[in-house]
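Written out below as structure tokens is the structure these notes cover.
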Amino acid sequence: MNFVEELRWRGMLHDIMPGTEELLNKGMASGYIGFDPTADSLHVGHLTQIMTLIHFQRAGHKPYALVGGATGMVGDPSGKSAERNLLSEDVLQHNLESVKTQLQKFLDFNTGANSAQMVNNYDWFKNFTFLDFIRDVGKHITVNYMMAKDSVKKRLEGDTGMSFTEFTYQLVQGYDFYYLWKNNNCVLQMGGSDQWGNIVTGTEFIRRKDGGEAFALTTQLIKKADGTKFGKTESGAVWLDPARTTPYQFYQFWLNTTDVDAKAYIRIFTLFERDVIEALEAEHEVAPHTRTLQKALAKDITIRVHSEADYEKAIKSSEFLFGSTGIEFLNELNDEEVLGLFGGVPNFTVSKSELADGITAADLLAGKTAVFPSKTEAKKTIQGGGVSINRNKIGTADDVYNTSHLINSKFLVAQKGKKNYFLIIAE
RNA sequence: GGGGGGAUACCAGAGCGGUCAAAUGGGACGGACUGUAAAUCCGUUGCUUCGGCUACGAAGGUUCGAAUCCUUCUCCCCCCA
């Protein structure tokens, strides 16, 4: 398998330094991608980079996943219009551990010569003094060169300015590349297209300091066909951590992909071979309403990020919530089964005795639970016909609900819009 | 150091003494249509016990009345040195 060719047909390749492909075709090479621990979980936006590393390893090369214990302390200005707040060290440490654990799931760390390896740039930066850094690193790169970078230029032209700290980021990342090149024979750094500048600072530094040669490859920034940002939902980013985004929500996110995007995503986020993908597309073309692509996409990613069992559960929940099964179906289930079915759905608990006295819809959804952030908003949405309880549209915000509405004398199923379900448990 | 401009809701951006909870656009959310798609159209977009309450960078002041005028402060941008 030819790594670059693979990225190319999948539409993932953005930019590649001349000579990179030739080098990789010569035999096993080492390459890396860095992940800064800005949160304690990766999100779907990171998935492209993860896939790139996976392809890299599958093509017989040795992938390094770098976690940015050091770079995370500085803050990458790329793509950011304003200075960011620094994270405290203990938050960073916590994030680092979480991100490491997540990354470990995707690569093979025990496959002989091209086993994946995890490195943390804090290890080589922690004892690097400021004076040593400006003498050994800063001296080789001119400020003129650094200012010409897009990430810097934009901030200098903009009206928010940029701190020296963020300005330095590219040198810190550049040194990472040098370090891995020198000590681990790592000749290629990969990343999203916004990383091109930072990566090239690295290859430039390697050239100027040691006269060495290193390469760069970037992948397309994933965008939706309508130009909006990929990986966001109503409730924010879509995380890989099941505690932040449940497997059901994760599955739903992919299932809701538009037709146009699904064609691109199936290539980027799954490992299906070309003919398999083309067959799926053909099938989708004939009967788009069955959403073949979305289902295949959602299934594959959910299984790889979570598990087969999580996928099965997500499917069961989805089939019930969006299928033709009536709400009465719940009567046939015991409490455990109901909770399982709604496992991925946000749930709230209300006191049964309070419910016995009757609670208005507005109070129930905005006071006793957090389906809505305020009663006003709950009322407005109810007025607009956007809220249901037990699949029945709520007429007015003053409608009263009591224990007689409970399913299995325990549950209420609330819906905000068509797609957002909430389980209210009375106990 | 000197001079000038600015800070308004999620964002952009009007308003420049009352009729302003604040135009307009975007975004977001909801509805109709549909395939849990796209496009389109429609509605909502500070909180509320529906009496009001809190809001236009912060704090004071003038006024019957301030987002709008005055004072001080904070922050940002531009030009000159």
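Chain letters run A, B, ... following the sequence lines, proteins first, then strands; residues in each count from 1.
In this structure, CD of A:Gln252 is placed 13 Å from C1' of B:rA37, rounded to the nearest angstrom. Rounded to an integer number of Å, the gap from A:Phe250 CZ to B:rU36 P is 22 Å. Rounded to an integer number of Å, the gap from CD1 of A:Ile394 to C1' of B:rG30 is 13 Å. Atom CD of A:Gln294 is separated from atom P of B:rG35 by 14 Å (rounded to the nearest Å). Residue A:Leu297 contributes atom CG, which lies 15 Å from atom C1' of B:rU36 at whole-angstrom precision. Between the P atom of B:rA37 and the CD atom of A:Glu285 lies a distance of 18 Å, rounded to the nearest Å. The distance between atom CG of A:Asp261 and atom C1' of B:rU36, rounded to the nearest whole Å, is 15 Å. The distance between atom CH2 of A:Trp254 and atom P of B:rA37, rounded to the nearest whole Å, is 18 Å.
Taking only side-chain atoms of A:Lys419, from C-beta outward, the nucleotide of B:rU36, B:rG35, B:rG30 with the closest atom is B:rU36. Nearest to the side-chain atoms of A:Lys418 among the listed nucleotides B:rC47, B:rU34, B:rG35 stands B:rU34. Nearest nucleotide to the side chain of A:Ser318, out of B:rU45, B:rU49, B:rU36: B:rU36. The side chain of A:His284 approaches B:rG35 more closely than any other nucleotide in the set B:rG35, B:rG30, B:rU48. Taking the side chain of A:Asp259 as heavy atoms from C-beta on, and the options B:rA37, B:rC47, B:rC33, the nearest nucleotide is B:rA37. Nearest nucleotide to the side chain of A:Leu255, out of B:rA37, B:rU36, B:rU49: B:rU36.
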- Item | Audit row: A:Asp363, A:Lys368, salt bridge (Lys or Arg N to Asp or Glu O under 4.0 Å) steps and yes/no | CA-CA 6 Å; A:Asp363 282 329; A:Lys368 306 293 175 200; over 6 Å; no
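Scanning atom types as modelled, no donor and acceptor separated by under 3.5 angstrom connect the side chain of A:Gln383 and the base of B:rU44. A donor N or O paired with an acceptor N or O is not found under 3.5 Å between the base of B:rU49 and the side-chain atoms of A:Lys375.
Taking atom P on both nucleotides, B:rA12 is separated from B:rU19 by 26 Å, rounded to a whole Å. Comparing B:rC47 with B:rG3, their C1' atoms sit 44 Å apart, to the nearest whole Å. When the P atom is used for both B:rA58 and B:rC11, the distance is 14 Å, rounded to whole Å. The gap from the C1' atom of B:rA14 to that of B:rU8 amounts to 10 Å, rounded to the nearest Å. Comparing the C1' positions of B:rG52 and B:rA7 gives a spacing of 30 Å, expressed to the nearest Å. Comparing the same atom, C1', in B:rA38 and in B:rA32 gives a spacing of 16 Å after rounding to whole Å. Nucleotides B:rA66 and B:rC70, compared at atom P, are 15 Å apart to the nearest Å. Distance check on atom C1': B:rC41 versus B:rC33 gives 9 Å, rounded to whole Å.
At a threshold of 4.0 angstrom between heavy atoms, the contacts of A:Ser374 are confined to the sugar-phosphate backbone, with no base atom among them. Among the atoms of the strands shown, only primed sugar atoms or phosphate atoms (P, OP1, OP2) are found under 4.0 Å from some heavy atom of A:Lys393. Nucleic acid contact class of A:Asp363 (heavy atoms, under 4.0 Å, all strands): none.
If A:Asn256 and A:Pro373 are placed on RNA chain B by their nearest nucleotide, the residue sitting closer to the 5' end is A:Asn256. Map A:Val260 and A:Glu377 each onto its nearest nucleotide of RNA chain B; the residue landing nearer the 5' end is A:Val260.
There is a side-chain donor-acceptor pair under 3.5 Å between A:Ser404 and A:Asn402. With no hydrogens or angles considered, a side-chain donor-acceptor pair links A:Thr246 and A:Gln249 at under 3.5 Å. Looking at A:Asn198 and A:Gln195, their side chains do bring a donor and an acceptor atom within 3.5 Å of each other. Using modelled atom types, one finds no donor on one side chain facing an acceptor on the other under 3.5 Å when comparing A:Thr360 with A:Asp398. Using modelled atom types and a 3.5 Å distance limit, the side chains of A:Thr218 and A:Asp15 yield no donor-acceptor pair. Under 3.5 Å, the side chains of A:Asp176 and A:Asn121 contain a donor-acceptor pair of N or O atoms.
A cation-pi arrangement is found for A:Arg208 relative to A:Tyr145, the charged atom lying closer than 6.0 Å to the ring centre and inside a 45° cone about the ring normal.
Proximity of the aromatic rings of A:Trp254 and A:Phe269 is defined here by a centroid distance below 6.0 angstrom, and this criterion is met.
Nucleotide B:rG51 carries a syn base; the chi torsion (O4'-C1'-N9-C4 or O4'-C1'-N1-C2) is within 90° of 0.
Checking the phosphate oxygens (OP1, OP2) of B:rU36, no side-chain nitrogen or oxygen of A:Asn420 falls inside 4.0 Å.
No more than 12 heavy-atom neighbours from other residues, nucleotides or ligands sit within 6.0 angstrom of NZ on A:Lys223.
Stem list for RNA chain B (at least 3 consecutive Watson-Crick or G-U pairs, distances under 3.5 Å): B:1-7 with B:74-80, B:10-12 with B:24-26, B:27-32 with B:40-45, B:57-61 with B:69-73.
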